[in-house]
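As structure tokens, the structure follows; a few thoughts come after it.
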Amino acid sequence: MSFITFASSPLVITPTVRSFTFSKPCRSNNTVMSAVRSESTSTCPVLTKFQKDCATPTPFLRVIANAIAGDMQAGLAVHGGGDLEMILTYVDALPSGKEEGLFYALDLGGTNFRVRSVQLGGEEERVVATKSDQLSIPQTLMIGTSEELFGFIASKLAEFVAKEEPGRFPLEQGRKREIGFTFSFPVNQTSIDSGTLIKWTKGFNVSGMQGKNVVACLNEAMEAHGLDMRVSALVNDGVGTLAGARYWDKDVMAGVILGTGTNACYVEQKNAIPKLQNKSSSSGTTIINTEWGGFSKCLPRTSFDQEMDKESLNPGEHLYEKMISGMYLGELVRRVLLHMCKTSDLFGQSVPAKLATPLALKSQDLCKIQEDNTDDLSSVGSILYNIFEIKADLKARRRVVDVCDTVVKRGGRLAGAGIVAILERIERETKRMASGQRTVVAMDGALYEKYPQYRQYMQDALVELLGHDLASHVEIKHTKDVSGLGAALLAATNSIY
Ligand code: BGC
């Protein structure tokens, strides 16, 4: 039987809050309550077509998982070989547990910016103390100048550091405090502590940054704010998640983010990376940042996906991300509903004005819609009224639920296919699952954390594609906010002192 276990952590920042393992034999055990009212579909041609276009039966998902695997291989062979960047992260050594000292972590990558301090006490004591601040990034900074964005980050870091006590790790003379900088956008990494921005994603579009060294931008801003600190590790949030989770659990082999954006990073054998052959050593392992959001082949994209993409800040890019991550699911549903309104009398004779507002519907709203188990779908009614001022009858509410379910099912199942591609790649090189070894995927992101239906669809796809035998050795471990710890640990591992 397949089951979901909920685990709470005994330690202050031990990351696991929820995980699931697959044990065999696996029966479909959909414990998630979901408001799916399929009887309404037959009478709405737009919905029927949309459902058909979004369908992801197992054989089709297999084709997608194989195509992702093919692009992974192509990207490992040569730079730009496939849709997936397969970025070399220069993280060859994952945390050992012996790390000691006070380190900082900055995290920029989505709607929030975080700064954290971590006091590491070595193998015995592990994390002695940690403090953090979180702020949302003002929308204007996401599309402003690099000086404004990095100036904001440095000023918040300066405020945080000014309040800090060094604890048992006073700064030795001639040394600087070291930072792990989690920058969650595609970066062409040139060393562990430098990298140039390839492109923006997730609604960011800061001018003049493409091709610029992001660490140099931060250094300049820190200097301007009188901060004498240095970035010792530049990491993606997927890499930070993998590193932070690995600190507590040696079986962690991959880090996956399903939040505003999406990504997967995993442990690869160096001798399986052709594009690394000319580099100094080709033995051991290294972390690859796949940037899987850029995958684009054979995806079940509808006209709504195409229009949403066309009007996005990064048209033609990150197409897989636009089908599976939190930033886009609500917007896609809104577009389908708007079209249904225009072509039928979904919400009466006129088209509600607010339904035309881009990004008005969030993935959190979809989740609440799907969780409504009342007979008259009263929460669905309130949500539609509160967001769009729509008074929907029961038939219309049912259709809204069906649209949400279609988008979320497709997203969750496609994400599952991606995870299978990563797991099968790990398996191909290590045979660890076949030999009965537990293999853990560290997972972070609000979409995964807060959307039970999405998680369930993802889990179903994973078992369908992997098969019960391999799946029984896989654990998807929810490791909330662990990427900051991972970045601080990687700053420690790569300390210059
Ligand atoms: C970025 C990745 C990041 C992911 C999750 C994507 O848009 O390209 O670098 O890891 O979002 O934050």
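Since the model is a prediction, treat every value here as computed from it, not as a measurement. Whatever order the structure lists them in is the order used to number ligands and atoms, beginning at 1.
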Please tabulate, one pair per line, all N/O donor-acceptor pairs under 3.5 Å involving side-chain atoms of residues 415-422, not counting sequence neighbours.
none

Quiz item: Relative to the heavy atoms of Pro186, which atoms of ligand 1 are at a distance of less than 4.0 Å?
Solution: 8 (O), 9 (O)
Quiz item: Is it the case that more than 12 heavy atoms not belonging to Glu223 sit under 6.0 Å from its CD atom?
Solution: no
Exercise. Any atoms of ligand 1 less than 4.0 Å from a non-hydrogen atom of Asp237? List them with their elements.
Key: 3 (C), 5 (C), 10 (O), 12 (O)
Quiz item: Nearest protein heavy atom to atom 11 (O) of ligand 1, by residue and atom, and its distance?
Solution: Lys202 NZ, 3.1 Å
Quiz prompt | Nearest non-hydrogen protein atom, atom 6 (C) of ligand 1 | solution = Glu321 OE1, 3.1 Å
Quiz item: Around atom NZ of Lys322, are there more than 12 heavy atoms of other residues, nucleotides or ligands at under 6.0 Å?
Solution: yes
Self-check item: Those residues that, when tested against Thr260, pass side-chain hydrogen bond (donor to acceptor under 3.5 Å, both in side chains) (two or more places apart)
Solution: none
Quiz item: Relative to the heavy atoms of Phe185, which atoms of ligand 1 are at a distance of less than 4.0 Å?
Solution: 9 (O)
Quiz item: What are the atoms of ligand 1, with element, lying closer than 4.0 Å to any heavy atom of Thr201?
Solution: 1 (C), 6 (C), 7 (O), 8 (O)
Quiz prompt | Thr262 contact mode with ligand 1 (heavy-atom cut-off under 4.0 Å) | solution = backbone
Practice problem: Please could you name the atoms of ligand 1 that Glu291 approaches to less than 4.0 Å, counting only its heavy atoms? | Solution: 1 (C), 2 (C), 8 (O), 9 (O)
Quiz prompt | Gap between atom CG of Asp107 and atom CZ of Phe183 - 0.5 Å precision | solution = 11.0 Å
Quiz item: What are the atoms of ligand 1, with element, lying closer than 4.0 Å to any heavy atom of Asn263?
Solution: 2 (C), 3 (C), 4 (C), 9 (O), 10 (O)
